[in-house]
Amino acid sequence: MLRRVASAPGEIIADLVSFVLQMLHSWMKFIHECRDLRLMELFNPTTSEFAEFDARTRELLRATVEYFEGRGKNQLLADHRDRVWYADFLDFVKREKVFATFLTPAALAEGNPDKRWDTARIARMSQILGFYGMEYWYVWQVTVLGLAPIWQSRNEVARRRAANLLDSGGIFAFGLSEQAHGADVYSTDMLLTPRAAGGFVANGSKYYIGNGNAAAMVSTFGRRTDASVVDVSAALGRISDDEYAGYLFFAADPTADGYRLRKNVVDSQMYVAAFDLEDYPVDDDAVLHTGREAFDAAMNTVNVGKFNLGFGAIGACEHAMYEAIDHADRRILFGQRVTEFPQVQSLVTDSFGRLAAMKLYSERAVDYMRSAHAGDRRYLLVSAIEKMTVTRQGQRIYEDLADVIAARGFENDMYFPNGMQAMLGLPRLEGTVHVNMALALKFMPNYMFHPTDAGLAALRSVPGAGRAPSAVIDPLAEALRWSGRAVAPVVPRLRSETAKTAPQDVRVRREPSDDTFLFKQGPSSRLGKIRFGRWREAFDGFAHIPNVAVFTEQAAAFQVLLATAAPTDEQQRDVDFLFAIGELFTLIPYGQLILEQADIDDADPAVVDHIFDLLVREFSRHAVTLNGKPTATPEQQTRSLNLIRRPIADPARKAAVLARARALVGAYEMAP
């Protein structure tokens with residue numbers, strides 16, 4: 001084009017316009033591909049620049065990566081084997097002020113614009129630390145838990161003290177659990193006796209307390225000897241604030257007289273302490289919360305902290321994936337690469353799909369956490385699924401990759417065995433799966449039934465609806481759904497109820513801001529009042545993807561089950577039965593957020609289709625479990641079988657996902 005200087009001006013302009021348009025097209029294609037790869041590709045320490053964050057955040061995330069890469073794999077594994085306390089890592093944290101920058105709320109930052117509680121970058125740090133070793137993730141995670149009751153407190157003396165200790169490199173601990181009671185927040189044997197001169201004297205024991213050996217402050221939960229606490233066995237209905245009067249949160253100092261460190265209760269590099277308080281003085285300026293506020297602070301701390309578990313699992317699974325694929329693709333057995341065996345291809349493809357789903361859900365979950373406010377508490381369901389479903393999916397990935405990597409996964413120069421041990425623990429931290437499932441079930445009615453689904457209530461009065469063939473009940477249910485949407489705008493009560501539902505749209509939240517609501521969550525009650533939007537909207541937008549359409553059928557059939565064969569009063573008290581219901585329910589919001597993020601990222605349709613191939617299979621498996629429950633009614637048995645679907649197979653799609661996984665070969669290997 002440039003040689004045509006003698007051409008007519010109009011032709012030159014036309015060529016210039018054509019050239020610019022071609023460049024713009026190429027640039028937009030590049031941007032599109034980058035969006036597609038941002039989450040669907042694994043975290044790679046050699047290439048990740050954390051471009052979505054501000055300059056100081058990028059600097060600290062890169063510094064953390066460079067610390068671990070510089071320390072090297074051999075040293076990290078040796079420290080793990082020899083159970084070496086991670087003093088060197090904590091020296092780095094102190095030197096670079098990593099924890100201080102990421103975990104100090106802006107209100108206590110003394111004008112430092114880089115200090116804030118930013119869930120997006122906290123989640124990314126959790127992922128990075130999980131990638132290099134769950135011990136390092138653990139010291140970070142327990143510090144998050146230990147700080148949360150302090151940041152929720154109105155005790156400015158304690159808050160300032162904590163901010164100063166954090167700035168000087170301190171770590172923190174969360175003194176809730178006890179050997180006899182676990183993390184049962186209603187029960188504690190840490191007793192606080194009032195002193196005549198003010199304050200209290202504490203006596204009791206704590207167990208399973210991470211960082212309890214070296215914490216600058218231990219946020220400790222106990223009960224007063226002069227006030228009542230909740231008797232769960234006798235509690236009926238709503239619990240009054242007076243029944244919470246005896247609970248108390250205070251800050252303990254491990255260096256003070258009366259703090260007795262007993263032992264590390266695990267055989268590990270991390271320190272999970274058992275400690276006693278013996279006639280330990282608790283002055284007024286150490287009291288963080290009393291009464292109902294103390295109870296709520298414990299619950300709300302877990303709401304904040306458990307969100308990080310899923311990101312730790314993602315990091316651990318990413319590192320394991322690199323090792324497993326590298327080994328399997330380079331190993332030749334019977335004249336073939338291991339990744340060419342059909343059974344290994346299925347394991348690899350499913351593992352890649354599960355990991356992509358974990359990443360998509362978690363990234364979108366960040367937006368819900370950061371957008372939460374008193375009028376929109378959907379984050380409580382989102383956080384429970386992040387802790388429960390994402391970590392269990394990570395455990396499944398390790399189980400499948402163990403068959404891919406085989407004996408190599410047990411050798412002492414591999415990250416894999418360390419991550420495998422840790423992955424068994426993650427689903428069981430910050431409340432067991434059962435506890436989080438019980439929480440999730442509180443949201444099921446409002447999530448599954450939008451006010452515009454009111455027409456489905458008519459199914460309850462249709463004779464034989466619980467046992468009707470799917471060919472009869474499914475079209476009827478769809479007609480009732482349509483009628484509900486049609487009449488909602490003109491029926492005053494439906495119109496009013498629809499207006500109360502939470503807004504469906506949650507914007508992407510990666511801006512550098514302080515997530516202050518997480519420390520102002522308020523009472524941990526009225527969960528059944530939380531509103532949700534229409535879950536179908538996210539699924540309808542992907543109806544063209546075969547297995548999303550199949551899963552949507554399953555979700556709709558589950559709605560019919562709940563409408564025609566809801567759990568009885570007796571079943572509502574049967575945790576084992578409800579767990580089977582919960583497994584089905586939680587897959588639906590899990591799928592919803594996956595699709596919302598897939599839409600944001602314009603994700604690869606082949607990967608999305610394979611993710612939902614997995615979800616269709618899991619939904620069917622849980623339906624069979626529900627059908628087999630001894631207490632399931634005949635109607636529930638019939639309707640549960642209607643949930644079973646066969647995923648739509650597509651060899652080309654599977655090959656495309658496998659190719660993505662095999663492209664990881666040689667992409668990353670940690671320096672010795």
Side-chain angles (χ1 to χ4, degrees), residues 83 85 87 138-139 142-143 145-150 152-153 155 157-159 161-162 164-166 170-231 244-268 270-291 293-295 297-298 301-302:
R83 301 186 295 281
W85 173 249
Y138 186 74
V139 69
V142 178
T143 294
L145 292 170
L147 286 168
I150 302 172
Q152 293 175 68
S153 175
N155 183 336
V157 173
R159 284 160 54 85
R161 179 168 176 253
N164 291 335
L165 289 168
L166 188 60
I171 58 176
F172 291 74
F174 184 52
L176 176 66
S177 296
E178 297 175 12
Q179 189 170 17
H181 305 294
D184 179 359
V185 73
Y186 290 98
S187 303
T188 174
D189 293 329
M190 177 63 69
L191 303 180
L192 292 109
T193 304
R195 296 182 304 191
F200 303 87
V201 173
N203 284 279
S205 301
K206 291 294 180 179
Y207 210 78
Y208 313 118
I209 309 304
N211 296 352
N213 62 318
M217 296 170 72
V218 182
S219 298
T220 308
F221 189 73
R223 61 184 173 93
R224 298 171 55 159
T225 58
D226 63 334
S228 63
V229 294
V230 175
D231 181 359
Y244 291 98
Y247 293 118
L248 189 145
F249 241 124
F250 63 98
D253 179 358
T255 65
D257 292 339
Y259 186 101
R260 304 282 185 263
L261 183 65
R262 288 165 48 200
K263 63 176 180 178
N264 188 353
V265 305
V266 299
D267 187 19
S268 172
M270 65 184 73
Y271 203 105
V272 185
F275 71 82
D276 299 332
L277 296 184
E278 299 176 357
D279 294 330
Y280 181 93
V282 179
D283 296 329
D284 289 340
D285 61 5
V287 175
L288 302 174
H289 304 273
T290 60
E293 286 186 0
F295 181 90
T301 292
V302 175

Which word best sums up how the rings of Tyr247 and Phe221 line up, parallel for under 30°, tilted for 30 to 60°, or perpendicular for over 60°? parallel

Please find the pair of heavy atoms, one from Gly246 and one from Ala227, that lie closest to each other, and give the distance.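 Gly246 and Ala227 have their closest heavy atoms at CA-CB, 3.6 Å.
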
Criterion side-chain hydrogen bond (donor to acceptor under 3.5 Å, both in side chains) on Gln179 and Ser205, from CA distance to verdict: CA-CA 8 Å; Gln179 189 170 17; Ser205 301; over 6 Å; no

Kindly indicate whether the side chain of Tyr259, heavy atoms from C-beta on, has any atom under 4.5 Å from the side chain of Leu277.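 Of all side-chain heavy-atom pairs linking Leu277 with Tyr259, at least one is under 4.5 Å.
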
When you measure from the side chain of Asn155 to the backbone N and O of Val287, does any donor-acceptor pair fall under 3.5 Å?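 Checking the backbone N and O of Val287 against the side chain of Asn155, a donor-acceptor pair under 3.5 Å is found.
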
Taking the side chain as C-beta and beyond, is there a heavy-atom pair between Asn213 and Trp85 under 4.5 Å?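 Sidechains of Trp85 and Asn213: in contact.
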
Are Ser219 and Leu147 close enough that some pair of their side-chain heavy atoms sits under 4.5 Å apart? no

Just do the side-chain contact (heavy atoms from CB on, under 4.5 Å) check on Arg223 and Asp189 with the steps written out, would you? CA-CA 7 Å; Arg223 61 184 173 93; Asp189 293 329; 3.9 Å; yes

Can you tell me how far the CG atom of Leu166 sits from the CD1 atom of Ile171, to the nearest 0.5 Å?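 Output value for this atom pair is 11.0 Å.
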
Contact check, side chains of Val229 and Tyr186, non-hydrogen atoms, under 4.5 Å: no

Does a salt bridge link Asp284 with Arg195, judged by any charged N lying under 4.0 Å from a carboxylate O? no

Only one of Arg260, Lys206, Lys263, Arg262 passes salt bridge (Lys or Arg N to Asp or Glu O under 4.0 Å) with Asp276; say which it is.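 Exactly one option meets the salt bridge (Lys or Arg N to Asp or Glu O under 4.0 Å) with Asp276, and it is Arg262.
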
Please evaluate residues Arg161 and Asp253 with respect to the criterion side-chain contact (heavy atoms from CB on, under 4.5 Å), reporting the C-alpha separation (whole Å), side-chain torsions for both, the decisive distance (0.1 Å), and the verdict. CA-CA 12 Å; Arg161 179 168 176 253; Asp253 179 358; 3.8 Å; yes

Side-chain donor/acceptor of Asp279 to backbone N/O of Gly258, under 3.5 Å: no

Does the side chain of Leu261 come within less than 4.5 Å of Pro254's, by heavy atoms?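 They are not in side-chain contact.
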
Pair Phe200 and Tyr280, ring centroids less than 6.0 Å apart: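 Not under 6.0 Å, so no.
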
Are the side chain of Thr301 and the backbone N or O of Ala297 linked by a donor-acceptor pair below 3.5 Å? yes

Would you say Arg224 and Leu191 make side-chain contact, with heavy atoms under 4.5 Å?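 Not touching, per the 4.5 Å side-chain cut-off.
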
Full working for side-chain contact (heavy atoms from CB on, under 4.5 Å) between His181 and Thr188: CA-CA 7 Å; His181 305 294; Thr188 174; 5.7 Å; no

Where the side chain of Asn264 meets the backbone of Val272, is there a donor-acceptor pair that is under 3.5 Å apart? yes

Nearest 0.5 angstrom please: Met217 CE to Ile150 CD1, how far?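 Here the rounded value is 4.0 Å.
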
What is the distance from atom OH of Tyr208 to atom CZ of Phe174, rounded to the nearest 0.5 Å?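 So the OH of Tyr208 and the CZ of Phe174 are separated by 15.5 Å.
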
Minimum heavy-atom separation for Tyr207 and Glu178, please, with both atom names.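 Between these two residues, the closest heavy atoms are CB-C, 3.8 Å.
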
Separation between CZ of Phe275 and CD1 of Ile209, rounded to the nearest 0.5 Å: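 Phe275 CZ to Ile209 CD1: 5.5 Å, rounded to 0.5 Å.
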
Closest non-hydrogen atom pair between Ala274 and Val265, with its separation: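 Closest pair (atom of Ala274, atom of Val265, distance): CB-CG1, 3.8 Å.
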
For the side chain of Thr143 and the backbone of Phe172, is there at least one donor-acceptor N/O pair under 3.5 Å apart?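 Here the side-chain-to-backbone pair exists.
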
Checking the side chain of Thr290 only, and the main-chain atoms of Leu248 only, is there a donor and an acceptor separated by less than 3.5 Å?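 A pair under 3.5 Å: no.
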
